Amino acid sequence: MFALVDCNNFYASCERVFNPALNGKPVVVLSNNDGCVIARSNEAKALGIPMGAPSFEYEILFVKYKVNVFSSNYALYGDMSTRVMNILSTYSPDIEIYSIDEAFLKLEGFEQHYNLEVYSKEIIQNVTRSTGIPISIGIAPTKSLAKVANKIAKKFSLRTGGTYVIDSEDKIKKGLLWTKIGDVWGIGRQHEKRLQKIKVHNAWEFTQLPNQWVQKEMSIVGLRLKRDLSGERILDLEDAAIKKNIAVTRSFEKMYSSFEDIRERVATYAGKAAEKLRRQNSCCSMIYVFLHTNGFREDLPQYRANIAVHIPNPTNSSIELIKAAITGLEKIFKKGFQYKKAGIMVMNLTPASQRQLSLFTAENPKHQTLMKTIDRLNIRENQKVKFAGQDLDRTWKMKQEKLSKRYTSCLNEVIIINCSDSFGDRTF
DNA sequence: TCTGGGGTCCTAGGACCC
DNA sequence: TCTGGGGTCCTAGGACCC
């Protein structure tokens, strides 16, 4: 059996942990630059605020219904996620951390020794008590069915207590009939449309389609999904510890048109990507650069471009990557446009230990030590060391007007409790 | 005025090889 | 006019996920 554990409204729940006055009230969390709604509490969902809603369009509604609005605080969410995952990993030797707020647990053979419903209730209790984050658990014979079970657990939480087990043919069929085709894990907008057209409206009807049709229209991925949903164990846990691509992309807080401004941004993104590479001990041999204008401003001339720059010797040196990224940018940058977004992606990653030593190595061997030193300094001194391509004076500031504190990862921002007792006033 | 960011996998088609 | 058969590798693009 597989369990899918999912944190309910994760970012919104993180904000509540350190601010319990928010319980029972609508809470939303915004994306970078305070652009879109990316998390909503149940109360906010009930107000009809959709996922991805541009925040400026909902400002009036926020005020009217006293919605508590937060900028995203990834330092907090990342740390809370680690805490939750650490607890979950004590409940099974096999865990796949699927995203910041979801994990699959393999419970192979557990059903012979435990009542799985009781077991999952215990997990829920422990996570809630230890972190304050509410979770839902779905258990089933396959991963995609565990997803279905999880949805049922969450939808009927009053009745299920946050957990639901699919453990019979009958329950599989009931669950699949209940699941709308567009809500199936792995069925997105395009497939949904195509399936609706041939009168497939729920997951059960999908599992009744001929394999041939599914493979032809939805490739091998769709066929695997169909079989997994039917109860055949096709999808297994995956370990995704080492990333295959790393991206750093940002929208600007306003539009920029000068090459120097964009170059500074791109250099910073490339430097960030290099740091991430070094953190997972990888090198890359390709960097992809893109930039584009504001697609929402149909009144302005539009331009978008991208380029892949090959790097002869795999590297994770910030200096080399910044150089390569700027080479690419010079080729695609065009004057006369107002740019709103740029980004880079490093690809073709290889383990740093397997680095090819070439006769004509382009990279200065001293970079290795230099980068290590910079990384150490930046951890200690809060990102003070920069590269010449980055403007030292400019303070690029993301719009983050409603940021909560880094309660769990910054000593200056932990919660302070003042109280007095017979020994006098004390602060904790 | 204001509209996010970061990933994965698969397929078709072209370039190239013998 | 007529022009084989079988591979591999790479890339762009499309689909999906959170």
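Each chain gets a letter, A, B and so on, in the order its sequence line appears, and its residues count up from 1. Small disclaimer: the values here were computed from a predicted structure and weren't measured.
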> NA contact type, A:Lys399, heavy-atom cut-off 4.0 Å: base, sugar-phosphate, or nothing?
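Here A:Lys399 touches no strand at all.
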> Within the structure shown, what part of the strands sits under 4.0 Å from A:Val184 by heavy-atom distance: base, sugar-phosphate, or nothing?
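Since only primed, P, OP1 and OP2 atoms lie under 4.0 Å of A:Val184, the category is sugar-phosphate.
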> Would you classify A:Lys244 as touching base, sugar-phosphate or nothing, given that sugar-phosphate means primed atoms plus P, OP1 and OP2, and contacts are heavy atoms under 4.0 Å?
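The answer is sugar-phosphate, as A:Lys244 gets under 4.0 Å only of primed atoms, P, OP1 or OP2.
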> Heavy-atom nearest nucleotide on DNA chain B for A:Phe56 versus A:Asn33: which residue maps closer to 5'?
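Mapping each residue to its closest nucleotide by heavy atoms, the 5'-most match is A:Phe56.
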> What contact category does A:Ile100 fall into here, base, sugar-phosphate, or nothing, at under 4.0 angstrom with non-hydrogen atoms?
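It contacts nothing in the nucleic acid.
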> Does A:Glu59 reach a base, just sugar-phosphate, or nothing at all? Heavy atoms under 4.0 Å.
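Here A:Glu59 touches no strand at all.
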> Using a heavy-atom cut-off of 4.0 Å to chain A, what are the terminal contacting nucleotides of DNA chain C, in 5' to 3' order?
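Going 5' to 3' along DNA chain C, contacts run C:dT11 to C:dC18.
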> For A:Glu59 and A:Lys64, run salt bridge (Lys or Arg N to Asp or Glu O under 4.0 Å): C-alpha distance rounded to whole Å, both residues' side-chain angles, the deciding distance at 0.1 Å, then the answer.
CA-CA 9 Å; A:Glu59 239 149 60; A:Lys64 185 169 170 197; over 6 Å; no
> Out of A:Ile139, A:Ile166, A:Leu105, which residue meets the side-chain contact (heavy atoms from CB on, under 4.5 Å) rule with A:Met1?
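Only one option passes, and that is A:Ile139.
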> Counting only heavy atoms and a strict 4.0 angstrom limit, can you tell me which residues of residues 189-215 of chain A come near DNA chain C?
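Within this stretch, A:Arg189, A:Gln190, A:His191 sit under 4.0 Å of the strand.
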> Could you give all pairs that pass the ring pair (Phe, Tyr, Trp, His ring centres under 6.0 Å) test and reach residues 174-194 of chain A, with sequence neighbours left out?
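Counting only pairs at least two positions apart or across chains, the ring pair (Phe, Tyr, Trp, His ring centres under 6.0 Å) contacts touching residues 174-194 of chain A are A:Tyr98-A:Trp185, A:Phe104-A:Trp185, A:Phe156-A:Trp178.
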> Using a 4.0 Å heavy-atom cut-off across all strands, classify A:Lys216 as base, sugar-phosphate, or nothing.
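No contact.
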> How would you list, by chain and number, every residue that makes a side chain to side chain contact (heavy atoms under 4.5 Å, CB included) with A:Gln208, sequence neighbours excluded?
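Only A:Trp204 meet the side chain to side chain contact (heavy atoms under 4.5 Å, CB included) criterion with A:Gln208.
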> Taking only the P atom of each, what is the distance from B:dT3 to C:dC18 in whole angstrom?
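The answer is 25 Å between these two P atoms.
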> Roughly how far, to the nearest 0.5 Å, is NZ of A:Lys143 from CZ of A:Phe2?
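Answer for the CZ-NZ pair, A:Phe2 versus A:Lys143, is 6.5 Å.
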> Between the main-chain N or O of A:Leu76 and the side-chain N or O of A:Arg406, is there a donor-acceptor pair closer than 3.5 Å?
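No, the answer is negative, given that no donor and acceptor are paired below the 3.5 Å cut-off.
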> Using a cut-off of 4.0 Å on non-hydrogen atoms, how would the nucleic acid contact of A:Asp101 be classed: base, sugar-phosphate, or nothing?
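Counting heavy atoms under 4.0 Å across all strands, the contact made by A:Asp101 is with sugar-phosphate only.
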> Are the side chains of A:Asp6 and A:Ile135 in touch, meaning some heavy atoms are under 4.5 Å apart?
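The answer is no; the side chains never approach within 4.5 Å.
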> Can you list the steps and then say if A:Tyr256 with A:Lys254 is a side-chain contact (heavy atoms from CB on, under 4.5 Å)?
CA-CA 7 Å; A:Tyr256 288 99; A:Lys254 59 172 190 142; 3.5 Å; yes
> Please convert DNA chain B into dot-bracket. A pair counts if it is Watson-Crick or G-U wobble with both distances under 3.5 Å; crossing pairs go in [ ] and bases paired with another strand get |.
....||||||||||||||
> A:Ser258: what forms a side chain to side chain donor-acceptor pair (under 3.5 Å) with it, not counting sequence neighbours?
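With sequence neighbours excluded, A:Ser258 shows a side chain to side chain donor-acceptor pair (under 3.5 Å) to A:Asp261, given in chain and number order.
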> Does the ring of A:Tyr164 carry A:Lys151 above it, NZ/CZ under 6.0 angstrom from centre and within 45° of its axis?
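Verdict for A:Tyr164: no cation-pi partner in A:Lys151.
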> Have a look at A:Ile246 and say if it touches a base, only the backbone sugar-phosphate, or nothing, with a 4.0 Å heavy-atom cut-off.
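It contacts sugar-phosphate atoms only.
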> Kindly indicate, with the supporting measurements, whether the criterion salt bridge (Lys or Arg N to Asp or Glu O under 4.0 Å) is fulfilled by A:Glu122 and A:Arg129.
CA-CA 11 Å; A:Glu122 195 187 310; A:Arg129 193 179 53 223; over 6 Å; no
> If you assign each of A:Ser55 and A:Lys243 to its closest nucleotide in DNA chain B, which residue comes earlier from the 5' end?
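So the residue in question is A:Ser55.
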